[in-house]
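Below you'll find the structure, written out as structure tokens, and then a few comments.
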Amino acid sequence: MSHASSAVLVINCGSSSLKYAVIPSESMPRSARIEGLAEALGTPAARIKGKTAQGEAFTLEVPGGDHAQALEAILQRMEGIPFSAIGHRVVHGGEHFTHAARIDAAVLAAIAQTTPLAPLHNPANLTGIQSTLRLFPDLPQVAVFDTAFHQTLPEHAWRYAVPADWYTEHRIRRYGFHGTSHRYVSQLATSLTLNENVSTGPFGWLVAHLGNGCSTCAVWDGKSLDTSMGLTPLEGLVMGTRSGDIDPGIPAHLQRTLGWSLADIDIQLNRHSGLLGLSGLSNDMRTLTEAAAQGHAGAVLAIEVFCYRLAKSLAALSCALPEIHGLIFTGGIGENAPLIREKTLRLLSHLGFHLDAQANLSLPRGSAGRIELASSTPRAIWVIPTDEEAQIAAETCALLEASPLH
Ligand code: ADP
């Protein structure tokens, strides 16, 4: 069977969660898509939420269930749904993986070697791969890396200004993340623009992926030229619970003056900072926009800092592009929070971005659309729902079509 004409099972394993989706090929109806989530794995509260082949929602308790047990339970519920390949999200591919890779022993070993760079994520991704290899030893499986899209960064964008042997001996450099999403939405913006027949490209896009994790990216002619995340997903923007950029002297200061351990500081920066730390209320932007409307001072401050830092990052990344054709908002916040788009764009009018306030408010949820003031701006402002699962399925099919094993 051609891989382009059949469905792909996409697996995204976190440390205690497993997201899955069966992505139909382009020749199949979109309604054939099925997705769900297993969460709290390894705890008594482990459960699966999904939809059956008939489209009926179900919740299944699997107390103490691990990734493999959850996957087996999911597959029982999906009986009769055919797929011919499996695509896995893998967070860190280091410098080794510049593209998606068909999974074999060498690829597994290389992913394992990258684990020191992503100690929480890569082991979970490997667990998912091991489970599906056991369950489907004969199906082709592909790893799609969050970092691969950013392997086109020029060296001046990916080097840190630290002693050279930090890089040459320990591979301390900027890698970037959310590459699957940045690639998907920038490709879509390009094809939607080409459909309008106004320009033939190449196109330069600034992308803001704003979910629980947030990052910006400068994309020129389909290639990432710079991005806000670095060695780890802690660098860059203010996020739900992550601080983003801080003075690198702060951890040493806290250690010296308060005796805090680096492990404690790492937890504070990753889990207790960002929107949560600033607001003292929540890491969730919907909660914060509602609280800000009621006058909650912490929520107001968190939103101001979030938007200012986002605008500053986009302006900085504009230096990477020979020309700017537009800005793309995506991720849960980028797609659904008009207030955040408006506050951010108010700081970017000097770059030629002018928002149509009405279009910003009335854009239908879940659909791609343009929200710039057409009469006064040369630059497009897109809102494009991301679809990392569809991108992983597309890259899986493309790889298998290009290099069938037999
Ligand atoms: P993840 O990175 O986990 O995939 P999402 O892309 O789903 O996360 O984004 C989650 C974020 O999107 C949360 O902060 C959530 O509050 C925010 N969000 C979703 N809908 C809205 C909304 N209508 N208004 C404001 N924020 C929203």
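Every number for a ligand or one of its atoms is a count from 1 in the order of the listing. Predicted model only: the values in this text are computed from it and were never measured.
- Within the structure, the closest approach of E335 to ligand 1 does not fall below 4.0 Å when heavy atoms are considered.
- A ring pair (Phe, Tyr, Trp, His ring centres under 6.0 Å) with F97 holds for exactly one of F149, Y175, F145; it is F145.
- Counting only heavy atoms of the protein, atom 3 (O) of ligand 1 lies nearest to N212 ND2, 2.8 Å.
- With sequence neighbours left out, the ring-ring contact (aromatic ring centres under 6.0 Å, His included) criterion links W220 to no other residue.
- Distances from atom 16 (O) of ligand 1 to the heavy atoms of D284, L288, T289, L275 put D284 nearest.
- The N/O atoms of G332, backbone and side chain alike, include one that comes under 3.5 Å of an N/O atom in ligand 1.
- The structure places CZ of R77 at 12.5 Å from CD1 of I34, a figure rounded to the nearest 0.5 Å.
- H178 and T227 are not linked by any side-chain donor-acceptor pair at a separation below 3.5 angstrom, with hydrogens and angles left out of the test.
- Closest of all the heavy-atom pairs between V144 and E395 is CG1-OE1, 3.5 Å.
- Among all non-hydrogen protein atoms, the one lying nearest atom 14 (O) of ligand 1 is M285 N, 3.0 Å.
- Checked by distance only, ligand 1 and I333 come closer than 3.5 Å through their nitrogen or oxygen atoms.
- Ligand-side atoms of ligand 1 in range of R365: 23 (N), range being under 4.0 angstrom from any heavy atom.
- Residue R286 has at least one N or O atom closer than 3.5 Å to an N or O atom of ligand 1.
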Donor-acceptor list for residues 199-209 side chains, cut-off 3.5 Å, not counting sequence neighbours:
| from | atom 1 | to | atom 2 | distance (Å) |
| --- | --- | --- | --- | --- |
| S199 | OG | G201 | N | 3.2 |
| W205 | NE1 | T190 | OG1 | 2.9 |
| H209 | ND1 | S181 | OG | 2.8 |

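- Interatomic distance, L108 CG to Q141 CD, rounded to the nearest 0.5 Å: 9.0 Å.
- Among the atoms of G211, none of the N or O lies under 3.5 angstrom from an N or O of ligand 1.
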Go through F177 and H92 one step at a time and tell me if the ring pair (Phe, Tyr, Trp, His ring centres under 6.0 Å) criterion holds. CA-CA 8 Å; F177 298 87; H92 217 309; 5.2 Å; yes
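- Scanning the protein for heavy atoms near atom 23 (N) of ligand 1, the closest one is N336 O, 3.3 Å.
- Under 4.0 Å from ligand 1, not a single heavy atom of M239 appears.
- The nearest heavy-atom contact from the protein to atom 4 (O) of ligand 1 is K19 NZ, 4.3 Å.
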